[in-house]
Amino acid sequence: MSDSVKAWHEMQEEKNYNEKKDYSEYANQYIWLLDFNNGKVYRYDISSLCNYNNNWNPDHESCEAFLYGAGHSIKDCEWMVTKTSEITIK
């Protein structure tokens with residue numbers, strides 16, 4: 001089998017895998033970020049990004065790319081992904 005035919009088959013297999021992927025586990029996802037540059041805490045609702053059409057899940061690299069795109073310097077921040085939408089103070 002030629003390389004181009006093999007690559008096409010691999011792309012089809014990946015497409016079928018992504019179509020079957022369940023994105024419901026990513027519902028109600030938030031990124032909480034502490035920005036040391038200004039001392040502020042940010043909450044980003046990423047639920048709408050985590051769906052079949054976007055084919056996006058909140059892995060480490062994609063979250064950092066998202067935060068960089070939002071204007072944060074990743075080296076000066078601490079962040080986490082969680083389903084919690086509110087801060088609990090005890």
Side-chain angles (χ1 to χ4, degrees):
M1 188 177 334
S2 71
D3 289 340
S4 59
V5 172
K6 184 177 177 183
W8 183 84
H9 283 287
E10 288 174 353
M11 285 178 17
Q12 294 303 312
E13 289 174 5
E14 184 176 332
K15 180 181 174 187
N16 291 337
Y17 171 77
N18 288 333
E19 287 177 357
K20 296 175 187 174
K21 190 169 183 180
D22 181 17
Y23 287 89
S24 63
E25 68 181 283
Y26 302 120
N28 301 322
Q29 291 284 320
Y30 301 91
I31 296 178
W32 285 90
L33 176 125
L34 172 59
D35 192 330
F36 294 113
N37 287 321
N38 60 16
K40 292 184 179 180
V41 175
Y42 297 85
R43 183 192 76 178
Y44 294 99
D45 185 348
I46 59 171
S47 302
S48 63
L49 298 174
C50 304
N51 60 44
Y52 171 74
N53 293 330
N54 291 335
N55 193 20
W56 191 79
N57 65 359
D59 64 10
H60 188 81
E61 291 173 355
S62 59
C63 287
E64 285 191 350
F66 172 83
L67 295 171
Y68 179 77
H72 298 285
S73 175
I74 301 302
K75 66 179 179 64
D76 298 326
C77 297
E78 291 290 330
W79 60 272
M80 68 178 182
V81 176
T82 182
K83 291 187 178 210
T84 305
S85 63
E86 298 178 8
I87 295 175
T88 305
I89 300 174
K90 291 186 178 188

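Model, not experiment: these values are computed from the prediction.
- Taking each heavy atom of Gln29 and Asp45 in turn, the nearest pair found is O-OD1, 3.4 Å.
- Looking only at distances, no side-chain donor or acceptor of Arg43 sits under 3.5 Å from a matching main-chain atom of Glu86.
- For the pair His72/Tyr42, a side-chain contact is recorded, criterion being any heavy-atom separation below 4.5 Å from C-beta on.
- The number of heavy atoms from other shown groups lying within 6.0 Å of OH (Tyr68) does not exceed 12.
- Within the model, atoms CG of Leu34 and NZ of Lys40 stand 12.5 Å from one another, a figure rounded to the nearest 0.5 Å.
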Dump the intermediate steps for side-chain contact (heavy atoms from CB on, under 4.5 Å) on Ser73 and Asn37, then the final yes or no.
-> CA-CA 8 Å; Ser73 175; Asn37 287 321; 4.0 Å; yes
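- A ring-ring contact (aromatic ring centres under 6.0 Å, His included) with Tyr44 is found for exactly one of Trp32, Phe66, Tyr30, namely Phe66.
- In this structure, the separation between CD1 on Ile31 and CD on Glu64 is 10.0 Å, given to the nearest 0.5 Å.
- Note on Ile74 and Met80: separate hydrophobic clusters, where clusters join Ile, Leu, Val, Met, Phe, Trp and Tyr whose side-chain heavy atoms are under 4.5 Å apart, directly or indirectly.
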